[in-house]
Every structure is written in C-alpha cells, then in structure tokens.
Amino acid sequence: MIEGKSAVAVIGVGLIGGSLAWAFKNAGYHITGVSRPTTLARASEMKIIDRGFDYSEMRSALSGSDYIFISVSYTHLRAHETSLHLVCR
C-alpha cells in the first residue's frame, strides 16, 4: 500500500495493460507500470501511471504492490524470466 491507496503494478503497459491500468487509476489505485521506456513515457504523459520502470528494474517496480497484473506476451515474458523469477522468490 502506498500513501493510503492500494497499489497496482502492471507489467506491460501496452493496449491491454494500459487499459487495465487506466481503469484502476480511475478507481483510485496507485499505478506502477513496467514496460519499454517509450511506452512508459506515453502512459505517464496520459496520466495512466504514477511511476514507471523498465523491465530490467522489475524487482524495484513490484516492491510495495498489492496486486500485480501481467499483460505481456509469453515470448516477451520469457525474455525477462530471470527478473520475474527474482521478484517472485
């Protein structure tokens, strides 16, 4: 929980993840996005996320999250499997 709000992390802030983040943001949740830098910049500009992290910073990104949603392709997830494994330990 961050600042009295439930915290949601969304891994992959593209079309589906961004829509999910936007819905939670409008419901009053604190949103952390994990995605590519260009995608994070756009999501931040649109005020969809409160903070953003690159995939390589996944451990820091997910710290303090009450809920985590994974919305990336299996292939993309496999590319960052080590980062996700470290977070889930």
Side-chain angles (χ1 to χ4, degrees):
M1 191 170 288
I2 299 174
E3 300 169 16
K5 295 181 182 179
S6 290
V8 172
V10 179
I11 302 172
V13 190
L15 182 61
I16 294 170
S19 298
L20 185 63
W22 182 70
F24 277 106
K25 179 73 173 171
N26 285 331
Y29 289 81
H30 181 275
I31 307 299
T32 297
V34 180
S35 209
R36 295 183 178 106
T38 52
T39 305
L40 292 171
R42 182 73 176 136
S44 182
E45 192 177 287
M46 295 174 70
K47 304 209 184 305
I48 292 173
I49 60 172
D50 295 300
R51 61 187 188 146
F53 293 86
D54 186 73
Y55 289 106
S56 63
E57 303 171 299
M58 203 172 311
R59 185 179 200 99
S60 298
L62 302 182
S63 176
S65 294
D66 298 304
Y67 307 99
I68 300 169
F69 292 90
I70 302 172
S71 61
V72 294
S73 68
Y74 177 75
T75 306
H76 195 80
L77 191 58
R78 292 280 298 173
H80 299 284
E81 181 178 18
T82 303
S83 296
L84 189 57
H85 177 73
L86 290 174
V87 169
C88 295
R89 290 185 118 196

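In this chain, residues are counted from 1 in sequence order.
- To the nearest 0.5 angstrom, Phe69 atom CZ is 13.5 Å from Ile16 atom CD1.
- Residues Thr39 and Gly14 come closest through the heavy atom pair CG2-N, 4.4 Å.
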- Task: Please assess Leu62 against Thr32 for the test side-chain contact (heavy atoms from CB on, under 4.5 Å), listing each intermediate value before the final yes or no.
- Result: CA-CA 8 Å; Leu62 302 182; Thr32 297; 5.9 Å; no
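- Between Ala7 and Gly64, the closest heavy-atom pair is CB-O, 3.6 Å.
- Evaluation of the salt bridge (Lys or Arg N to Asp or Glu O under 4.0 Å) test over residues 7-24, restricted to residues two or more places apart or in two chains, returns none.
- Taken from OG in Ser44 to CD1 in Ile31, the straight-line distance is 13.0 Å, to the nearest 0.5 Å.
- Residues passing the side chain to side chain contact (heavy atoms under 4.5 Å, CB included) test with Ala43 are Val13, Ile48, Ile49, sequence neighbours excluded.
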Determine all donor-acceptor pairs shorter than 3.5 Å in which one atom belongs to a side chain in residues 18-27; sequence neighbours excluded.
{"from": "Ser19", "atom 1": "OG", "to": "Leu15", "atom 2": "O", "distance (Å)": "2.7"}
{"from": "Lys25", "atom 1": "NZ", "to": "Asp50", "atom 2": "OD1", "distance (Å)": "2.3"}
{"from": "Lys25", "atom 1": "NZ", "to": "Asp50", "atom 2": "OD2", "distance (Å)": "3.1"}
{"from": "Asn26", "atom 1": "ND2", "to": "Trp22", "atom 2": "O", "distance (Å)": "3.4"}

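- Phe53 and Tyr67 sit in two unconnected hydrophobic clusters of ILVMFWY residues. Membership requires side-chain heavy atoms under 4.5 Å apart, directly or through other members.
- Between the side chain of Ser6 and the main chain of Tyr29, no donor-acceptor pair closer than 3.5 Å is present.
- Side-chain atoms of Ser35 do not come within 3.5 Å of backbone N or O of Asp54 as any donor-acceptor pair.
- Of all heavy-atom pairs spanning Ser71 and Gly17, the tightest one is OG-CA, 3.1 Å.
- Across Gly33 and Leu40, no two heavy atoms sit closer than the pair O-CD2, 3.6 Å.
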